[in-house]
Amino acid sequence: MKKLILLVVIIFSLGAFQIVTTKAEGNYGPGSLLALEGVESTAVYYVGSDGAKYIFPDDKTYFTWHENFDDVVRVSVTELDKYPDGGAIPYRAGTKLITHQNTAKIYAVDLDGAIHWIPTAEIAESLYGANWYTKVMDVIPGYFASSYRVDIDLSNLYPRGTLIKKDGDIYYVSEVGNVRKFNSMNVFGANNFNLSNVIEIDSLVDYSIGETITGEEINLSGYMPAYYFSPPPTPGPTPDPEPDPDPDPIPDPDPEPTPGPYCGDNICNATESCSSCSTDCGLCDGDSDGYNVSLDCNDNNASINPGATDICGNGVDEDCSGSDLSCPTPDEPSISSLSADTLSHGQSYTIGGSAFTTKTTDSPVVWDDVESGSFSENWGSINHLSVGTEARHINSQYSGTHNFQGNLQEGLGYFKGAGSPLSEKWFVQYWFKLDENWDWGRDGWLPNEERDESYDASLANVKFFRLWNPGSINENFVIASQGYGGGGLIYSTEHVTDGFGGSFDNIDNISLDAWHLFQFEYQESDVNINNGVIRMWRDGNLILEDTTIKTREDFSELKRPFIVGFYNSWWDSGTDRDDFYIDDIYVDSSWSRVELCNNQNKDLATHCEIQSYSSWGDTAIQFTANIGSLDGGTAYLFVVDEDANVSDGYQVIF
C-alpha cells in the first residue's frame with residue numbers, strides 16, 4: 001500500500017530573506033497538491049514557490065502539517081514530470097522529537113529541518129514533560145540524512161516553531177528566546193496549528209515578547225522550502241588582473257576547445273547512468289518500486305519500501321520504519337479477513353478475526369442516519385429537531401436541524417433516549433454543523449447592562465452529552481460549554497462529592513459552516529469510588545480523558561443518555577438565527593464498535609466513520625458499510641473491543 005505524501009511551497013519576503021516565486025512549466029502554481037491519476041494510493045506533491053515539487057515522506061510526518069488530503073488534484077505523469085524534484089519535507093518544527101534506527105540520539109526539530117540533539121533526559125523532561133519520550137518518532141535513515149541538518153545542542157530554551165502556553169495565552173517561538181502571541185484562537189487555527197502540540201509552561205521570564213500574530217502568516221502556516229537558510233552572497237565585480245610584466249608577443253593560435261558532455265552538465269548523456277552520475281541522471285531505483293536508493297531500505301526488493309504495508313511478526317521491515325510490525329497480543333482484537341476487499345456504501349459485509357469479545361445485543365441501541373426522511377423510532381423523544389436537507393456527504397440526503405432562536409423551550413436541539421436501557425458503559429457519537437450565523441454567547445449570565453452587545457446572550461451553556469439516572473434527579477453526568485467567561489468546555493458529575501471534573505479544551509476550535517464529530521466513551525464508577533471513565537474526541541483528536549471520576553455515591557443505579565446533541569440551557573431573547581445540524585447519530589451500551597478510518601494507525605487517523613453492525617461474535621461481525629464523507633478510495637477497518645483495545649487497521653478499497 002503506497003501512502004499519500006505531500007509537498008509544500010510558499011512565497012514570502014521578510015527582512016534580508018526573500019523567496020522569489022518561479023513559474024513552473026506545469027499547469028499548477030505554487031501551493032498546489034498533485035498526485036498521479038489512476039493510482040488509488042500514491043505519493044502527493046506540493047508545488048513550491050521555486051517551481052519544484054516536494055514529497056511528504058510518510059503519514060507520521062504528514063500529520064504534523066495537515067489533517068487531510070481534500071485538496072489533492074490527480075494529474076498525469078506527464079504533468080508531474082514538468083516539476084523538478086525539490087526534496088522531502090521534514091517534520092513540522094515544535095511538534096515531535098525524532099531519532100532513527102542507527103543512533104541512540106534524540107533530536108528536537110527546528111524550522112526547515114534544522115535539528116538539535118537533546119544531550120540529557122533531564123533537559124528533555126524539563127522542556128517536554130515527564131512523558132517526553134511519547135513525542136519521539138523514528139525517521140527513515142535515508143530521509144534523516146537528506147531532509148535534516150544537525151544544529152547546536154538543545155539547552156534550556158525551546159527551538160523555533162514550538163508552541164507554548166502561559167496563563168491561557170498561546171505563543172509561537174519565532175527565535176530562540178523570543179516569542180510572539182496569537183491574538184485569538186481563530187488566528188491560531190488560520191495558521192494551521194493544532195492544540196495537541198501546545199506545551200504549557202510556568203514562566204516566560206527567559207523569553208522576550210515580540211510582535212503579536214494577528215492573522216495568517218505564510219511562513220508560519222506551512223512548509224517553506226529553503227526560507228530559513230541564508231542565500232549565498234552575491235559576488236562582486238572581478239578585479240582587473242595585474243599586468244603581465246613579460247607579455248607573450250605571440251598569440252595562441254589554438255582556440256579553447258568546446259567542452260564535451262560531462263558529469264554535472266545537467267544532461268544525462270548516453271555514457272552516463274544513475275550509478276555513474278546521479279547529479280545528471282538521478283539516484284538509482286534498483287527494484288523499480290518508485291523509491292530511489294537514498295529512500296529505500298532495500299533497493300533490491302520491490303516489496304520493501306517506505307510505501308509498503310508491513311506484515312506483522314515475519315521479521316521483515318517491509319515499510320522501512322526501522323523495525324518489523326509487532327503482531328497483536330492474543331487478548332486484543334485482530335482482523336484476519338473480510339468478505340470483500342472493496343466496500344460499497346450501504347452493503348453488508350462480514351469481518352473475520354479473533355478476540356472481538358461478545359455482545360449481548362446484535363445491533364446498537366440507536367443508529368440514525370435520518371436517510372429514511374424521519375427520525376428513528378428508538379428515540380425517547382426528539383426535542384424540536386426537524387428533518388432537513390443539509391447533506392453531510394455524497395451518500396447523504398437528510399440530516400436533523402434546529403434554529404436556536406427565541407426562548408428556552410425552543411432551544412432544544414437534541415435526542416433523548418428515555419426508552420433506552422440502563423448501562424454501565426456507553427459509547428455515543430454524532431456529526432454536527434454550526435451555520436455561519438452561529439454565535440457562542442459568553443456573557444449571557446451577566447446583567448443586560450454589562451453584556452457585550454457583539455455577543456448573542458444565549459448560547460453560553462450548551463450541553464452536548466448528558467447521562468441521566470431515572471431513579472435520582474441528582475447523580476447525573478454532563479459535558480457542556482462553559483458560560484461563565486472563557487468559552488471552554490466543562491465536564492461534571494452533578495451532586496456527587498468530588499464530582500466536578502473540570503474545564504478542558506476550547507469551543508473556538510469548533511469552526512463554523514463545517515461538519516465536526518463528537519465521540520464519547522463513558523463508564524460508571526463503582527459506588528463511592530473514584531474510578532469512573534470519560535473520554536471525548538473531537539474530529540478524531542482525544543481532547544478529554546479522565547479515569548478517576550466518581551459517578552455514583554448515594555444511588556447505585558446506572559444511567560442512560562438523556563441528551564445527545566445540543567441543549568441550550570439559557571434563554572435567548574434575541575431575534576437572530578443560530579442554525580444547528582446533526583447527522584449519523586450512534587448510541588450503544590458497549591464500547592465495542594467497528595470504525596472505518598483514513599490511516600492504518602488509528603491514533604493518527606483524522607477521519608473515521610462508524611459502521612452499524614447487525615451481528616457480533618467473538619470471531620465474526622456483520623456490518624453495513626458506511627463510507628460517509630471519507631475520501632481517497634482507500635481506508636482501514638478497525639474493531640474496538642469492550643475494553644477499548646483497538647485492532648490493527650485492515651486495508652479496504654471503496
Candidate pair Y91 and W65, rule side-chain contact (heavy atoms from CB on, under 4.5 Å), full reasoning: CA-CA 8 Å; Y91 274 91; W65 288 98; 5.7 Å; no
Of all pairs that satisfy salt bridge (charged side-chain N to carboxylate O under 4.0 Å, His left out), the ones with a partner from residues 85-97, not counting sequence neighbours: K53-D85
Minimal non-hydrogen separation, D299 against G286, with atom names: OD2-N, 2.6 Å
Nearest atoms (heavy-atom pairs only) where I311 meets E318: N-OE1, 3.1 Å
Contact check, side chains of F638 and V594, non-hydrogen atoms, under 4.5 Å: no
N/O donor-acceptor pair under 3.5 Å between H116 side chain and V109 backbone: no
Nearest-0.5 Å distance that lies between atom CG in N197 and atom CG in L195: 9.0 Å
Between CD1 on residue I304 and SG on residue C320, distance to nearest 0.5 Å: 7.0 Å
Residues which pass side chain to side chain donor-acceptor pair (under 3.5 Å) with D310, listed by chain and number, not counting sequence neighbours: none
Main-chain N/O of D603 paired to N601 side chain as donor or acceptor, under 3.5 Å: yes
Point-to-point distance, once rounded to the nearest 0.5 Å, from OH of Y172 to CZ of F193: 5.5 Å
Side chains of L204 and I164 in contact at under 4.5 Å (non-hydrogen atoms): yes
Min side-chain heavy-atom separation L637-I351 under 4.5 Å: yes
Side-chain heavy-atom pair Y650, Q600 within 4.5 angstrom cut-off: no
With sequence neighbours excluded, residues passing salt bridge (Lys or Arg N to Asp or Glu O under 4.0 Å) with E521: R535, R593
By salt bridge (Lys or Arg N to Asp or Glu O under 4.0 Å) - contacts of D324 (at least two apart): none
Donor-acceptor side-chain pairing of N305 and D289 below 3.5 angstrom: yes
Inter-residue atom distance N183.CG - I170.CD1, 0.5 Å rounding: 11.5 Å
V139, I98, D151 screened by side-chain contact (heavy atoms from CB on, under 4.5 Å) with I115, the one that passes: I98
N/O donor-acceptor pair under 3.5 Å between T64 side chain and T61 backbone: yes
Listed partners of D110 passing salt bridge (Lys or Arg N to Asp or Glu O under 4.0 Å), at least two apart: R160
Inter- and intrachain pairs under salt bridge (charged side-chain N to carboxylate O under 4.0 Å, His left out), touching residues 119-146, at least two apart: none
All N/O donor-acceptor pairs, side-chain side in residues 206-213, below 3.5 Å, sequence neighbours left out:
unit_1	atom_1	unit_2	atom_2	d
Y207	OH	Y158	N	3.2
S208	OG	G177	O	3.4
S208	OG	N178	OD1	3.0

D539 side, atom CG; N509 side, atom CG - distance, nearest 0.5 Å: 9.5 Å
Residues that E609 engages under side chain to side chain donor-acceptor pair (under 3.5 Å), provided they are two or more places apart: R392, H607, S629
Worked check of side-chain contact (heavy atoms from CB on, under 4.5 Å) between F504 and M536: CA-CA 11 Å; F504 70 101; M536 178 180 176; 3.8 Å; yes
Shortest non-hydrogen separation from A308 to S303 and the atoms involved: CB-O, 3.5 Å
Heavy-atom donor-acceptor pair, S334 side chain to S354 backbone, under 3.5 Å: no
Q519 side chain reached by R538 side chain, heavy atoms, under 4.5 Å: no
Considering all heavy atoms, the nearest I106-W117 contact: O-CD1, 3.3 Å
Student check: side-chain heavy atoms of Y636 and L596 closer than 4.5 Å: no
Derivation and outcome, side-chain contact (heavy atoms from CB on, under 4.5 Å), residues L127 and L154: CA-CA 10 Å; L127 292 174; L154 199 65; 3.5 Å; yes
Step-by-step side chain to side chain donor-acceptor pair (under 3.5 Å) determination, S76 to E37: CA-CA 6 Å; S76 67; E37 65 185 1; 4.8 Å; no
Donor-acceptor contact present, side-chain T342 to main-chain F654, <3.5 Å: no
CA sep, side-chain torsions, deciding dist, call: N191, E217, side chain to side chain donor-acceptor pair (under 3.5 Å): CA-CA 7 Å; N191 283 282; E217 297 184 13; over 6 Å; no
Gap separating the CG atom of L604 from the SG atom of C597, nearest 0.5 angstrom: 11.0 Å
More than 12 heavy atoms of other groups within 6.0 Å of D202 CG: no
Donor-acceptor pair, side chain of Y143 and main chain of P90, under 3.5 angstrom: no
Least distance between heavy atoms, W132 atom then Y128 atom: CB-CB, 3.7 Å
T309 and Q651, any side-chain heavy atoms less than 4.5 Å apart: yes
Listed partners of D643 passing salt bridge (Lys or Arg N to Asp or Glu O under 4.0 Å), at least two apart: K425
Shortest non-hydrogen contact from I627 toward L343: CD1-CB, 4.2 Å
Short side-chain to backbone donor-acceptor contact, N292 and D285, under 3.5 Å: no
Partners passing side chain to side chain donor-acceptor pair (under 3.5 Å) against D317 (at least two apart in sequence or in another chain): S321
Any residue meeting ring pair (Phe, Tyr, Trp, His ring centres under 6.0 Å) with Y148, in chain and number order, not counting sequence neighbours: F144
Contact check, side chains of C608 and N598, non-hydrogen atoms, under 4.5 Å: no
Verdict with supporting geometry, L544 and W537, side-chain contact (heavy atoms from CB on, under 4.5 Å): CA-CA 7 Å; L544 168 64; W537 292 262; over 6 Å; no
S184: partners by side chain to side chain donor-acceptor pair (under 3.5 Å), with sequence neighbours left out: none
Check: A605 main-chain N/O paired with N599 side-chain donor or acceptor under 3.5 Å: no
